[in-house]
Number of protein chains: 4
Amino acid sequence: MTEKQISILESALELFSSKGFDAVPTSLIAKQAGVSEGLIFRHFKNKQGLLNAIVQMGKEKIAFKIQLITEIVDPQKRIQAIMEIPFSLETDQYPLWRLIYSLKWQQEYSDDEFSRPIKEVLVNSLNELKYFDADAEADLIMSYMDGFASTILLKGEVVNKDKLLHALRKKY
Amino acid sequence: MTEKQISILESALELFSSKGFDAVPTSLIAKQAGVSEGLIFRHFKNKQGLLNAIVQMGKEKIAFKIQLITEIVDPQKRIQAIMEIPFSLETDQYPLWRLIYSLKWQQEYSDDEFSRPIKEVLVNSLNELKYFDADAEADLIMSYMDGFASTILLKGEVVNKDKLLHALRKKY
Amino acid sequence: MTEKQISILESALELFSSKGFDAVPTSLIAKQAGVSEGLIFRHFKNKQGLLNAIVQMGKEKIAFKIQLITEIVDPQKRIQAIMEIPFSLETDQYPLWRLIYSLKWQQEYSDDEFSRPIKEVLVNSLNELKYFDADAEADLIMSYMDGFASTILLKGEVVNKDKLLHALRKKY
Amino acid sequence: MTEKQISILESALELFSSKGFDAVPTSLIAKQAGVSEGLIFRHFKNKQGLLNAIVQMGKEKIAFKIQLITEIVDPQKRIQAIMEIPFSLETDQYPLWRLIYSLKWQQEYSDDEFSRPIKEVLVNSLNELKYFDADAEADLIMSYMDGFASTILLKGEVVNKDKLLHALRKKY
DNA sequence: GATGAATGAGAATTCATTCAT
DNA sequence: AATGAATGAATTCTCATTCAT
C-alpha cells in the first residue's frame, strides 16, 4: 500500500466515523487526504469499495485481538477479557469502532461479521463452564459490552472509565 | 396536523430509521407517503426540518414515559423501571428508538436531549438511596440500558428478551 | 377594486421594482400584502397578469401627465416640461418608474409603450419649432431624460437634484 | 481558463444581458455553452459565482478603458473622452454593458464599483479646470452618459448615433 | 371573495464516477 | 501512479398554479 492509499483510508475512516458513510462526499475525503478525486476510484473501485477496505481492516484487527484472547486458558478470565475490550481500546482506535457501531444501524451496510467471532469465544467459554443456556448468556454479556462500548466511544473522556470498569468487575 | 403531514412523518421515520437520514432521498419519502415531494418542504421547510419534527415528537413521547416513571415512589423500583424501558417497548415504537440510537453516532445530528431526562431521574433516585457517587452509578446503569436497547432494537425477535430480562433482574 | 386587490398591487410594485420581476415569488407578494397565495391568481390570472395590471396603471398615469403637458401652448415650454419630468416625480411614484426602467432591459417584458407618447409630443413640438431633424433631436432629448431619470431614481436623495436641474436649464 | 469555462462565461453573459439574471436557468446556459450543467458549478461554485466572474471581468475591462483615458493630458479632452465612451463601444461589448446597466436596477446585485472610477476621473478633471462644484458637475455628466448609453445599448442600430454624438459635441 | 393545502414542473446544486493526459 | 476536467444522474428545494372548502 502506497502512502496515498493509506492517507485515503485514514481520512475516510475519520470522516465516515464522525459523519456517517452517506454524509461524506468522496471529494471531501480526497481533499482531506491531499489526493486527487480520481485516485480514490483507481485504488478502491468505488465509494463502497473504500468502505469495504476499511471494514476489512477492522475485521482483521478484531480477529487479532480475539486470537490473543483465545489463548487465555482460564474460561472465566477469557470472558472477563472479552468484556473489558471496550476499556482497553486506544484512543486512536476509536474511529474504527465508532464506524463499526454506527454501521450496525444501517440495514444496507450492517454486517454481523464483527460480533460473530466474539460471540463464538463467549459461547465456547460458557460451555466450558457448563452454563445451562450459553447462547442466551453470551447475548447478555454482549449487551453489556455494547453498552459500555457505546458509552466510551461516544462520551470519550467525559465519562469516568475506571469507575465503570470497577463497577463492572464487582457486578460480574 | 393534516393526514398527509402525518403520513409524511410516518414514512420518514420508517425510512430514516432503517436506512439512515442521509441515505434516504425526499423523493422516496414522498412516494411512500403518497404525497407530492413539494409537500414535504411546504410543511417542514427542508429535510432537516422533517428530521427535527420527528425528533421533537420522540422527545415528547420519552418525556411522557419518564413522567410516569417519576411518579413511582420507591427509588429502587424507579431505577428498575428505567432499566427495563428497553424491554417494555412496543414493536411499533422500535423505528423511533432505532432512529434515536442511530443519530447518536452522527456528530451533526447528535443531541443528548434524549438521555438527559433519563439520567436525571437516575441520579435523583440514586441520591435518595444515598449512593456515594450517584453520577458515575447513573452512567453505569445507562450503559446497561443502552446495551440492552441496542440488542433488542437490532436483533428484534431473534434474541430471547425474557432471558435477558431475567438475567438483568438477577444481576441487579 | 377591493382593498385586497390594491394591497396586492402595491406589494407587487414595491417588490418588483426593488428586486426585479423574476426574483420575486408570488408567495412573498401574498405575504407582504397580507393575503392568501391563491388570491393573486383569482384576481390577476397569473404572475404575468399581475405585472400587466401594474404596467397598465403606469401607462395611464403617464398618459395623464402627458395630457397635461400637451395643453401647454408654447412648444419651447412644452419641451422643457417634458425634460423636467424626472425632477417633478413624487417619491411615492419612484417604485413605478424604477420598475418601468428596469423592465426596459429585459427583452421578454420590454415594451416601448411608455416612451412612445412622450416622444410624440417632443417630435410634434420640435416640428412646430421648425427643427430640421426633429426625430433625431427628440431622441437626444429622450436620452437626457433617461439619464436624469436613472440618476434620480437610483441615487435618490444622495444626488443634488436642484443642482442638476439648474445645470440642465442652463445648458438647454 | 479552459475553453469550456470561457464558453460558459460567454453564454451566460449573452443570456443574462438579454433576459436578466433571474430569468435564465443554468440548464439553458449549459446547453448554449455546449457543456454539462454540473460544470458550471464546478468552475463557479454557484449561479451567483458565475455572475460575479462576469462582473469581475467587466470591471477589469472598464478599468483598462479608464486607464487609457487617464493618460490624456488635457482635462477638457479627458472629460470629452469619458462622455463619448458610450459611442465608442464595439457591438461585441454591448452584452457586458447591457448587463451592467440592468443590474443597477436590482438591489441585490447592484454595485457602484462600475461608475466609481469613472466619476473619479471626472471629478479630478473638473478640479483641474477649477470648477466650483466638481462633484455635482460630475454627477451631471454621468447622467448624460447614462442616458446616451441606455439609448445606444437598447435601441442599437435604430438610433442615429452620429447625430447624437454631433449634438452632444455641439451642446457641451 | 378568500383561504391554504396540495401539486408538478423545473431550478439550483451535489456527487459518484469516468477519462484523457 | 496520479491528476483534475468533465459528466450525468440524482437530490434538495422552489414556485407558479390549481382546487376543494
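Computed from heavy atoms alone, side chains included, the values below leave out hydrogens, waters and symmetry copies. So that the names make sense, note that chain A is the first sequence line, chain B the second, and so on, each numbered from 1.
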D:S150 vs C:W105, side chain to side chain contact (heavy atoms under 4.5 Å, CB included): CA-CA, chis, key distance, verdict:
CA-CA 9 Å; D:S150 297; C:W105 300 95; 3.7 Å; yes
From CD of D:E37 across to P of E:dG10 the rounded distance in Å is 13 Å
Here the distance between atom C1' of F:dA10 and atom CG of B:D22, to the nearest Å, is 15 Å
Should D:T2 be listed as having a side-chain N or O under 4.0 Å from OP1 or OP2 of F:dA6? yes
CD/C:E108: more than 12 non-hydrogen atoms of other groups inside 6.0 Å: no
*asked:* Are there over 12 heavy-atom neighbours, none belonging to C:E3, within less than 6.0 Å of that residue's CD?
replied: no
C:R42 side chain near E:dG1 phosphate (N/O to OP1/OP2, under 4.0 Å): yes
Checking E:dG1, E:dT3, F:dA6 against the side chain of C:H43 (C-beta onward), the nearest is E:dG1
So, does B:K4 get its side chain near the phosphate of E:dT7, meaning an N or O under 4.0 Å from OP1 or OP2? yes
Of the candidates E:dT7, F:dT17, E:dT3, the side chain of B:V35 sits closest to E:dT7
Nearest-nucleotide check on DNA chain E, B:G34 vs D:Q48; residue mapping nearer the 5' end is B:G34
Which of E:dA6, F:dC13, E:dT13 is nearest the side chain of B:F41? It is F:dC13
Heavy-atom closest pair (B:K47 atom, B:F21 atom, distance to 0.1 Å) is NZ-O, 3.0 Å
Note, DNA chain F 5' to 3' with Watson-Crick or G-U pairs under 3.5 Å encoded as ( ), [ ], | and . gives .||||||||||||||||||||
Winner on side-chain proximity to B:K47, out of F:dT12, E:dG1, F:dA6, is F:dT12
Open item on the list: Do the side chains of B:E90 and B:K61 get close enough for a salt bridge, i.e. N-O under 4.0 angstrom?
Closed with: no
Side-chain contact check for A:S36: nearest option of F:dA16, E:dA12, F:dT3 is F:dT3
Heavy atoms under 4.0 Å, any strand shown: does C:T26 hit a base, just sugar-phosphate, or nothing? base
The side-chain hydrogen bond (donor to acceptor under 3.5 Å, both in side chains) partner of D:K104 among D:D146, D:D112, D:D111 is D:D146
Between the main-chain N or O of B:I8 and the side-chain N or O of B:S11, is there a donor-acceptor pair closer than 3.5 Å?
-> no
To the nearest angstrom, the CG-P distance between D:L50 and E:dA12 comes to 11 Å
Between CD1 of C:I29 and P of F:dT14 the distance, given in whole Å, is 17 Å
Between B:E14 and B:P95, the two heavy atoms sitting closest are OE1-CG, 4.1 Å
When rounded to whole Å, the CZ to C1' distance for the pair D:F44 and E:dA12 reads 16 Å
Per atom distances to the B:L39 side chain, the nearest of E:dA6, F:dT17, F:dT12 is E:dA6
By nearest-heavy-atom nucleotide on DNA chain F, the more 5' of B:P25 and D:E3 is D:E3
Side-chain contact check for C:N46: nearest option of E:dA11, F:dT17, F:dT11 is F:dT17
note: B:Q5, atom CD; E:dG4, atom C1'; distance rounded to Å ~ 12 Å
In whole angstroms, the gap separating C1' of E:dA12 from CD1 of D:I8 amounts to 15 Å
To the nearest angstrom, the CE-C1' distance between D:M1 and F:dA6 comes to 17 Å
When D:V24 and B:G38 are each assigned the nearest nucleotide of DNA chain E, the 5'-most assignment goes to B:G38
